[in-house]
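Here's the structure we're looking at; comments come further down.
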Amino acid sequence: MTFGIGMLLVFLITLGVAAFAQGINPPTDTKPVDPGKLASTPPFDHPGLRQLPDGSYEAYYIARVFSFDPQTLTVPAGKKIAFYLTSADVVHGFYIPQTDVNMMAVPGWVNTASHTFTRKGTYLLICHEYCGLGHQNMFAKIEVQ
Ligand code: CUA
């Protein structure tokens, strides 16, 4: 019992030193955004794909009960797509099977991940975070051309 409590204290102190003294945080690049004003907050006022002057691509997504906006996104194969994601209401998931894109959509925050689709075809985008009664119907499609 003493050993167990001692180990708990050791882990808590290690965690505290890493988080507060060394500034080590979860690997995320979050930015704040007002979830009630997404319709008037660029670039989330026009969710979807855009190409930057340097030729790179950004895809903006809004998750809400129980759908993604955009519902279908067409992206080019072989190009790196940077996904920017937020939620208009509750916490959702954002997972594209067969890729390494796996994020949480958190109201008030913008999460990012990027992926280069090498294979053409239709990819599924699913919510893998339980978000309510319609959770199992929450998905979208990504067409890679
Ligand atoms: Cu959205 Cu589950």
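Every number for a ligand or one of its atoms is a count from 1 in the order of the listing.
A donor-acceptor pair under 3.5 Å is formed between the side chain of Gln71 and the backbone N or O of Phe139. Checked by atom type and distance alone, the side chain of Thr122 never pairs as donor or acceptor with a backbone atom of Glu143 at under 3.5 Å.
In this structure, Tyr84 has its ring center at least 6.0 angstrom away from the ring center of Tyr61.
The nearest N, O or S atom of Cys127 is closer to atom 2 (Cu) of ligand 1 than 2.8 Å. For a distance bound of 2.8 Å, the N, O or S atoms of His135 include one lying that close to atom 2 (Cu) of ligand 1. Counting backbone and side-chain atoms alike, Met138 contributes an N/O/S atom closer than 2.8 Å to atom 1 (Cu) of ligand 1.
Atom NE2 of His115 sits about 15.0 Å away from atom NZ of Lys79, to the nearest 0.5 Å.
Within His92, the N/O/S atom positioned nearest atom 1 (Cu) of ligand 1 carries the name ND1. For Glu129, the N, O or S atom closest to atom 2 (Cu) of ligand 1 goes by the atom name O.
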With side chain to side chain contact (heavy atoms under 4.5 Å, CB included) as the criterion, how do Arg50 and Tyr57 come out once you've worked through the C-alpha distance, each side chain's angles and the decisive distance to 0.1 Å? CA-CA 6 Å; Arg50 62 205 60 201; Tyr57 288 88; over 6 Å; no
